[in-house]
Engineer: 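This is the structure I want to talk about, given as structure tokens.
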Amino acid sequence: MTKILVVTSGKGGVGKTTTSASIATGLAQRGNKVAVIDFDVGLRNLDLIMGVERRVVYDFVNVINGEANLHQALIKDKRVEGLYVLAASQTKDKDALTEEGVKKVLEDLKADGFDYIVCDSPAGIEKGAQLAMHFADEAIVVSNPEVSSVRDSDRMLGLLASKSHRAINNLGAIKQHLLVTRYSPVRAEAGEMMSVEDMLEILAVPLLGVIPESHAVLNASNAGQPVIMDMESDAGQAYEDAVARLLGEDRPLRFMTAEKKGLFSRLFGK
Amino acid sequence: MADSTDTAFQLKGRMLTLMVFELHNPNIVQLAMKLKEHMAQAPNLFKNTPLAVDLSPLQDGFKVVDFPALVSLLDNHGLTVVGVIGGNEQQRTAAARARLALFPDKPGRSSADKVESKAAAEPAAAAAEPASPAATDIVMRQPVRAGQQVYARGGDLIVEAAVNEGAEVVADGDIHIYGPLRGRAMAGARGRGDARIWCGSLDAELVSINGMYRTRDDLDPALLGKPAVIEIQNEKMIIRALG
């Protein structure tokens with residue numbers, strides 16, 4: 001059974017692509033066959049974060065338009081077995097995506113025996129974002145601990161509950177998860193950021209994880225390596241926890257208090 | 001008495017409110033007497049009010065309605081008849097001849113409701129809409145989220161979870177919110193001054209009943225975050241803590 005995950009947020013710059021890359025990589029590291037698709041047509045980023053930007057020949061839109069077949073467009077990751085990237089087109093615009101086209105690609109991936117398809121949604125609530133979530137079975141809503149991001153996430157959760165394929169066809173609700181990113185325990189304690197409790201109270205969906213604000217994330221994207229592969233880093237470990245929880249494991253939250261973070265930076269010497 | 005539908009609609013902000021006048025007996029003389037009594041009891045009740053005449057309570061015995069006389073009688077009491085609801089073909093033809101709008105069907109609640117609390121659609125929308133279904137209460141088990149709008153047409157709205165910031169809940173009747181109200185809530189949307197809003201925690205962007213409203217800035221800070229009920233008393237919006 002193929003599971004389709006969408007990573008979405010409404011707001012831009014909160015860490016959707018970082019999350020898509022790390023979740024997809026983490027799932028593949030655990031022996032799953034995973035495809036991660038960049039739905040941000042025209043502003044592709046996932047290929048950079050995954051470090052495959054120099055190997056893109058055909059993209060998602062080429063496949064939809066029948067200009068290439070799926071196997072030509074899927075880029076196999078060289079580090080993790082079973083991980084494939086489908087890049088977005090840089091030259092086309094969002095209208096290049098159609099519901100039928102997306103459906104066809106997802107069906108083909110299912111037929112190919114993929115265990116997980118991770119859809120990296122563009123920001124906003126326009127067509128690209130709607131298509132990214134349309135066929136999802138589960139959604140990871142990424143939110144930063146600040147008011148505008150939480151409100152946009154709330155909007156996204158509402159759309160997931162009403163506009164998705166599952167919702168429209170009464171196939172049961174999409175399983176929703178909240179992933180808090182760029183969390184700074186120091187700033188939350190100082191009251192400069194929303195606390196995770198406040199976010200959960202408003203959004204009322206189960207917490208998949210809390211990713212601390214970390215230099216490792218920027219370093220990882222510069223290096224074209226999903227941050228989950230940097231297991232020395234707090235962010236990498238937090239993503240690893242999130243993947244474990246996604247697969248049903250019970251893991252306590254880490255990196256949630258200022259003291260703990262201090263301890264870790266001491267342990268790992270930053 | 002001056003009357004103008006513009007004045008009445010301005011009171012309602014986004015929603016235009018329309019009274020429904022249930023006609024049980026079309027005898028103009030008897031109506032005139034009853035109206036006079038009614039106005040004596042509550043002189044301001046019908047001041048400057050647009051009105052739709054509901055013909056459905058008319059018994060079979062009363063087939064003919066003298067619309068020009070009815071319109072002028074109600075006009076004398078400050079009521080402007082804009083159209084009719086229900087009625088048979090003959091009555092509706094007569095109403096059309098008197099230049100009254102024909103509403104497709106009887107909207108709102110059962111005829112057991114009091115005349116003065118009767119809900120009706122705003123004229124333009126109602127004219128274009130298909131026949132409205134019977135009164136429906138809506139129960140929401142999930143949070144109402146930013147960008148979502150829920151409207152309990154002709155009924156009450158019950159939300160078992162939160163109404164979040166950026167969400168809008170509207171009911172022609174009452175609104176019950178068991179979680180926090182952080183968004184906008186509008187009860188009595190089509191003209192019911194006795195509608196109320198209950199919420200588990202008051203943190204609203206806006207609350208409105210029958211067109212009267214308060215924004216977040218106008219809420220008493222002492223009530224914020226507390227369970228509260230919002231109602232209209234003596235044409236004033238009252239917000240009080242529950243329990």
Engineer: Can any side-chain N or O of B:Asn164 pair as donor or acceptor with the backbone N or O of A:Ile202 at less than 3.5 Å?
Structural biologist: yes

Engineer: Taking atom CD as the centre, does A:Glu146 end up with more than 12 heavy-atom neighbours from other residues, nucleotides or ligands that are less than 6.0 angstrom away?
Structural biologist: yes

Engineer: Closest heavy-atom contact between A:Arg151 and B:Ala146?
Structural biologist: O-CB, 3.8 Å

Engineer: In terms of heavy-atom contacts, does CZ of B:Arg99 have more than 12 from other residues, nucleotides or ligands at under 6.0 Å?
Structural biologist: no

Engineer: Could you check whether A:Glu201 pairs with B:Arg182 (Lys NZ or Arg NE/NH1/NH2 to Asp/Glu carboxylate O, under 4.0 Å)?
Structural biologist: yes

Engineer: Counting heavy atoms not belonging to A:Glu249, are there more than 12 under 6.0 Å from its CD?
Structural biologist: yes

Engineer: Look only at the side chain of A:Asp154 and the backbone of B:Arg145, and say whether a donor-acceptor pair between them is shorter than 3.5 Å.
Structural biologist: no

